[in-house]
Amino acid sequence: MLPALAAVALFSTLAVTFTFTTAAAPGGSRFTDPPTTLTDLANADALSQMVSRPVMVTGIVVLAASILHVTSQYSTGFIRVQFVRQPRRASWLVGQWLALASAAFIAALIGALTAVATTLICAWLWNVDTTQWGEGVWQAVSAAGNLALGMMAFSLVGSALGLVLRSSTAALSVGLVYALFESLIINVAPLGQGLLPASAFATVATAGSDGSLYARALVATTVLCATVAIGTINLLKNRDVTE
């Protein structure tokens, strides 16, 4: 888990630094529409924007960490011991989800704190006026809360992939390939944005700053997570997953 937390902190630092670096270029950043300038980063919502910046990469890290947590128990055979100690598999699975959700919450908190700290340093380096930032503190806190919700959803799906496929390589491949495939689908059919799994989780994590409707994405995330949870519990009850 420590490597995953370190990766979250690293990507948060890189995302914020990249944002300031490109915003300092003549005409602002070419990677946003409209281009983000240093003047824009002086606005009250700058902190919340930076907290939400590395959402998809953080989600992939949380997804991968959740997959590896579950599949490692198969590769070591430790899951057999756990099912002997806790024959109620649904209870065991809920315990796993609570542990992973807690880790996802910590990852989101570390990512948010790292983003804020990096933003303050970058603002000092690029002489960005921060007088308005105080007005956006609670907005940044709300952004961190939404980030945590999105990361918990990623952790749930990651654990489900690990339980269904039982192979780190297979589960990671399916997760990453699907994320790319979904991105292509959304580019062709934008109506899927905020409704398909990865997009819905990311929209919740960014409070809709990606252009999707937050309420719709929150409902989609709730339905998707409930479906995954019910399906995984039924699978665990009815299949010998220790083979």
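Note: hydrogens, waters and symmetry copies are ignored here, and every other heavy atom, side chains too, is used. Residue numbers start at 1 and run along the sequence shown.
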Closest contact, heavy atoms only, [X] versus [Y]:
{"X": "N146", "Y": "A207", "answer": "ND2-CB, 3.6 Å"}
{"X": "L41", "Y": "W133", "answer": "O-NE1, 3.1 Å"}
{"X": "T232", "Y": "A160", "answer": "OG1-CB, 3.5 Å"}
{"X": "V62", "Y": "A104", "answer": "CG1-CB, 4.1 Å"}
{"X": "V61", "Y": "A4", "answer": "CG1-O, 3.6 Å"}
{"X": "P54", "Y": "A15", "answer": "CB-CB, 3.8 Å"}

Could you give the distance from [atom1] ([X]) to [atom2] ([Y]), rounded to the nearest 0.5 Å?
{"X": "I110", "Y": "I106", "atom1": "CD1", "atom2": "CD1", "result": "7.0 Å"}
{"X": "N43", "Y": "Q132", "atom1": "CG", "atom2": "CD", "result": "5.5 Å"}
{"X": "I67", "Y": "T169", "atom1": "CD1", "atom2": "OG1", "result": "10.5 Å"}
{"X": "L149", "Y": "L218", "atom1": "CG", "atom2": "CG", "result": "7.5 Å"}
{"X": "L161", "Y": "S167", "atom1": "CG", "atom2": "OG", "result": "11.5 Å"}
{"X": "L236", "Y": "L93", "atom1": "CG", "atom2": "CG", "result": "5.5 Å"}

May I have the step-by-step check of side-chain hydrogen bond (donor to acceptor under 3.5 Å, both in side chains) for D40 and T37, ending in yes or no?
-> CA-CA 5 Å; D40 296 326; T37 64; 3.2 Å; yes
Is any side-chain heavy atom of [X] less than 4.5 Å from a side-chain heavy atom of [Y]?
{"X": "M152", "Y": "L156", "answer": "no"}
{"X": "M50", "Y": "T118", "answer": "no"}
{"X": "T119", "Y": "F20", "answer": "yes"}
{"X": "P197", "Y": "E182", "answer": "yes"}
{"X": "L147", "Y": "T206", "answer": "no"}

Please check if any side-chain donor atom of S168 sits under 3.5 Å from a side-chain acceptor atom of T71, or the reverse.
->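 The criterion, which ignores hydrogens and geometry beyond distance, is satisfied for T71 and S168.
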Using a cut-off of 6.0 Å, state whether more than 12 heavy atoms not belonging to F105 lie near its atom CZ.
->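 For F105, atom CZ is not crowded (no more than 12 foreign heavy atoms under 6.0 Å).
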Derivation and outcome, side chain to side chain contact (heavy atoms under 4.5 Å, CB included), residues F154 and I60 | CA-CA 8 Å; F154 275 109; I60 291 175; 5.8 Å; no
Not counting sequence neighbours, which residues clear ring pair (Phe, Tyr, Trp, His ring centres under 6.0 Å) with F181? List them please.
->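 Residues passing ring pair (Phe, Tyr, Trp, His ring centres under 6.0 Å) with F181: none at all.
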Walk me through it: do I186 and L196 pass the test side chain to side chain contact (heavy atoms under 4.5 Å, CB included)?
-> CA-CA 9 Å; I186 290 175; L196 297 175; 4.3 Å; yes
Test your reading of the model: is there a side-chain donor-acceptor pair from [X] to the backbone of [Y], 3.5 Å cut-off?
{"X": "Q96", "Y": "V70", "value": "no"}
{"X": "T17", "Y": "T13", "value": "yes"}
{"X": "S52", "Y": "Q49", "value": "no"}

Worked check of side chain to side chain contact (heavy atoms under 4.5 Å, CB included) between T19 and R53 = CA-CA 9 Å; T19 299; R53 189 68 67 180; 3.4 Å; yes
Should L38 and L125 be regarded as members of a common hydrophobic cluster, given that ILVMFWY residues are connected when their side-chain heavy atoms come within less than 4.5 Å of each other, either directly or indirectly?
->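 Per the 4.5 Å side-chain linkage, L38 and L125 are co-clustered.
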Sorted by first residue and then second, give each ring-ring contact (aromatic ring centres under 6.0 Å, His included) pair with at least one member in residues 35-61; sequence neighbours left out.
->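 Qualifying pairs: none.
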